[in-house]
Q: 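Pasting in a structure now, in structure tokens, and then I'll have a few things to ask.
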There are 2 protein chains.
Amino acid sequence: MAGNLSTPGASVASRVFALLGAFDAEHRTLSLTALAERAGLPLATAHRLAGELVGLGGLERRGDRYVVGRRVWDLGLLAPVQAELRQVAAPFLHDLYAATHATVHLAERAGTEVLYLDRLSGRTTVPVVSRVGGRLPLHTTGVGKVLLAHAPDDVLRTVLADLSRVTPYTITQPGRLREQLRRVHREGFAQTVEEMSPGACSVAVPVRRGADGEVVAALGLVVPDLRRGRARLVAALQVAAAGIGRSLSTE
Amino acid sequence: MAGNLSTPGASVASRVFALLGAFDAEHRTLSLTALAERAGLPLATAHRLAGELVGLGGLERRGDRYVVGRRVWDLGLLAPVQAELRQVAAPFLHDLYAATHATVHLAERAGTEVLYLDRLSGRTTVPVVSRVGGRLPLHTTGVGKVLLAHAPDDVLRTVLADLSRVTPYTITQPGRLREQLRRVHREGFAQTVEEMSPGACSVAVPVRRGADGEVVAALGLVVPDLRRGRARLVAALQVAAAGIGRSLSTE
DNA sequence: GGCAAAGTTTCCGCTGAGTGGGAGGATCGG
DNA sequence: CCGATCCTCCCACTCAGCGGAAACTTTGCC
């Protein structure tokens with residue numbers, strides 16, 4: 001994990017975040033050894049610091065494994081991560097869910113990835129890999145394609161230069177993706193067919209801030225099949241996106 | 001704010017959390033001076049540490065105010081705060097919302113307070129003060145009364161000893177509250193009428209883990225008026241709570 | 001404009017908090 | 001029983017962090 005933080009010169013604060021940053025969606029619990037390893041800290045240091053963090057609520061111990069502490073959850077909920085957007089969007093997401101019973105996503109672009117801001121998923125839905133706070137590639141998801149179509153040129157170039165394959169259907173040819181992004185502009189929505197996850201298709205539309213039309217986010221649906229009813233889904237998305245955009249204040 | 005952390009002996013990690021802990025729902029942005037004050041740190045120290053945290057993503061600067069950083073949001077979402085419960089409950093919360101269009105709450109008891117784990121609120125709803133990750137008194141909310149009715153004796157005693165008044169209708173007499181808690185047991189649900197927030201009423205039921213019947217959480221609805229349709233709301237809540245309880249694994 | 005007050009940033013020398021190698025335990029499996 | 005693996009603790013050295021104080025910026029008032 002990143003440069004060796006055990007070298008003198010690294011602040012304690014950075015070590016705190018190194019420890020916390022050792023956790024991710026695939027590693028929600030870690031043994032001390034794994035924690036030290038992933039944080040790039042000597043065992044003794046990790047042990048002492050981890051103990052301290054447990055006392056502060058930044059970590060929790062469950063048996064001999066560590067997990068991120070409740071205190072961090074508390075604090076994180078205070079972070080203004082698109083707070084207004086999420087607030088405004090919430091009822092529209094419910095409406096979409098009620099109308100479609102598909103998994104509903106609200107996402108923004110974070111660099112060259114999609115960042116999922118909110119998600120509603122029902123009982124009977126295709127398994128979806130997204131997660132609020134999670135990031136996925138821009139070229140493999142519906143919301144990602146929408147955001148990519150409206151991203152600055154340098155982002156597009158970076159993404160096109162490295163189209164990783166996720167499923168057999170993932171689009172890895174820059175030319176094909178470029179063509180699809182043009183269609184996103186022309187038709188106003190993006191779609192994917194099993195490009196991120198087998199058995200999952202998606203459609204997505206941009207959310208434009210009412211005042212200036214800037215694309216601030218994307219709204220998407222994940223369904224098992226798009227061959228029937230796509231038009232209805234897109235229409236529902238567009239209604240919701242327009243409603244959200246209208247309700248957003250000018251920054 | 002707590003003991004003076006500027007005295008030597010306090011670890012850097014504790015100062016980091018002191019700074020982050022200076023933020024709360026009412027203070028989501030702070031000037032440097034306010035931050036230092038609320039964290040109990042000397043100005044120079046707060047300034048340096050805050051700068052460091054900005055570099056690490058733990059804080060963000062907006063103009064000359066600080067807010068909690070995205071990194072903390074990211075990390076917090078990895079904290080296993082009733083992860084299974086929230087996951088299992090999500091679709092039931094949607095159902096409840098679809099059926100009632102009321103604000104839906106999922107909450108657990110954290111010491112002598114209610115901790116809101118999830119919340120769905122629609123467009124047209126009474127203004128509600130709850131917030132995911134937020135805490136409220138046990139005796140002024142529907143979910144709180146449910147949780148209090150099933151809390152250990154020492155918690156009950158502590159709460160009864162200090163029934164703070166929030167609105168003119170808040171129950172502040174231990175006797176009356178005791179009587180209501182008995183009714184919660186007898187009738188299987190709790191209610192409030194403008195006891196937390198003027199114009200807001202609520203009903204709530206316990207969520208019992210299927211395996212052992214232990215009350216692990218409470219499920220509640222907030223509506224403008226309970227005089228009509230209360231029975232329907234309670235019935236809907238009970239169906240949902242039973243469904244959630246059945247889906248919970250034995251810990 | 002001039003001045004005071006409040007808030008923010010920088011400087012710098014002293015010092016004890018933090019560090020981490022290593023020893024010592026605990027636990028497991030063969 | 002022994003070795004492997006992981007966790008905990010110790011302690012002497014040292015440099016990262018500390019914070020008082022001074023400089024600087026912004027704001028608001030006369």
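Because the structure is a prediction, the values reported are computed rather than measured. Residue numbering restarts at 1 for every chain, and letters A, B, ... go by the order of the sequence lines.
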Q: Hey, is the main chain of Ala242(B) close enough, under 3.5 Å, to the side chain of Arg208(B) for a donor-acceptor pair?
A: no
Q: What nucleotide among dT10(C), dT8(D), dG17(D) has an atom nearest to a side-chain atom of Tyr66(A)?
A: dT8(D)
Q: Round to a whole Å and report the spacing from CG of Leu19(B) to C1' of dC18(D).
A: 14 Å
Q: For Glu60(A), give me all partners under salt bridge (Lys or Arg N to Asp or Glu O under 4.0 Å), at least two apart in sequence or on another chain.
A: Arg62(A)
Q: Holding to salt bridge (Lys or Arg N to Asp or Glu O under 4.0 Å), I want the full list of residues that pass it with Asp162(A), two or more places apart in sequence or in another chain.
A: none
Q: Would you tabulate the nitrogen or oxygen pairs shorter than 3.5 Å linking the protein to nucleotides 2-7 of chain D?
A:
residue	atom	partner	partner atom	Å
dC7(D)	OP1	Leu32(A)	N	3.4
dC7(D)	OP2	Thr33(A)	N	2.8
dC7(D)	OP2	Thr33(A)	OG1	2.3

Q: Which atoms of nucleotides 22-27 of chain D (N or O only) lie under 3.5 Å from a protein N or O atom, and what are those distances?
A:
none

Q: Side chain of Pro42(B) only, heavy atoms from C-beta on: which candidate in dG18(C), dG21(C), dG19(D) is closest?
A: dG19(D)
Q: What residues form a ring pair (Phe, Tyr, Trp, His ring centres under 6.0 Å) with His150(B), not counting sequence neighbours?
A: His185(B)
Q: CD of Glu52(B) versus C1' of dT10(C): gap in Å, rounded?
A: 16 Å
Q: Hey, mind stepping through Arg157(A) and Asp154(A) against salt bridge (Lys or Arg N to Asp or Glu O under 4.0 Å) and telling me if it holds?
A: CA-CA 5 Å; Arg157(A) 267 196 304 277; Asp154(A) 57 329; 5.7 Å; no
Q: Who passes ring pair (Phe, Tyr, Trp, His ring centres under 6.0 Å) against Tyr116(B), sequence neighbours left out?
A: His105(B)
Q: Partners of Arg70(A) by salt bridge (Lys or Arg N to Asp or Glu O under 4.0 Å), sequence neighbours excluded?
A: Glu108(B)
Q: State which residues pass ring pair (Phe, Tyr, Trp, His ring centres under 6.0 Å) with His139(A); sequence neighbours excluded, sorted by chain then number.
A: none
Q: For DNA chain C, whose closest nucleotide is more 5', that of Ala44(A) or that of Val12(A)?
A: Val12(A)
Q: Select from Arg48(A) and Arg48(B) the residue whose nearest nucleotide in DNA chain D is closer to the 5' end of that strand.
A: Arg48(A)
Q: Between the opening five pairs and the closing five pairs of the helix from dG1(C)-dC30(D) to dG30(C)-dC1(D), how far apart are the helix axes, to 10°?
A: 40°
Q: Which residues pass the salt bridge (Lys or Arg N to Asp or Glu O under 4.0 Å) test with Arg135(A), sequence neighbours left out?
A: Asp74(B)
Q: dG20(C), dT10(C), dC18(D): which one has an atom nearest the side-chain heavy atoms of Arg15(A)?
A: dG20(C)
Q: Can you run down the side chain to side chain donor-acceptor pair (under 3.5 Å) pairs that involve residues 43-55 of chain A, sequence neighbours left out, and say none if there aren't any?
A: Glu52(A)-Ser11(B)
Q: Sequence neighbours excluded and cut-off under 3.5 Å, please list the side-chain donor-acceptor pairs for residues 21-32 of chain B, or say none.
A:
residue	atom	partner	partner atom	Å
Asp24(B)	OD1	Glu26(B)	N	2.9
Asp24(B)	OD1	His27(B)	N	2.9
Asp24(B)	OD1	His27(B)	ND1	2.9
Asp24(B)	OD2	Arg38(B)	NH2	3.1
Thr29(B)	OG1	Arg65(B)	NH1	2.9
Ser31(B)	OG	Ala34(B)	N	3.2

Q: Would you mind telling me which of dG18(C), dT19(C), dG19(D) lies closest to the side-chain atoms of Thr45(A)?
A: dT19(C)
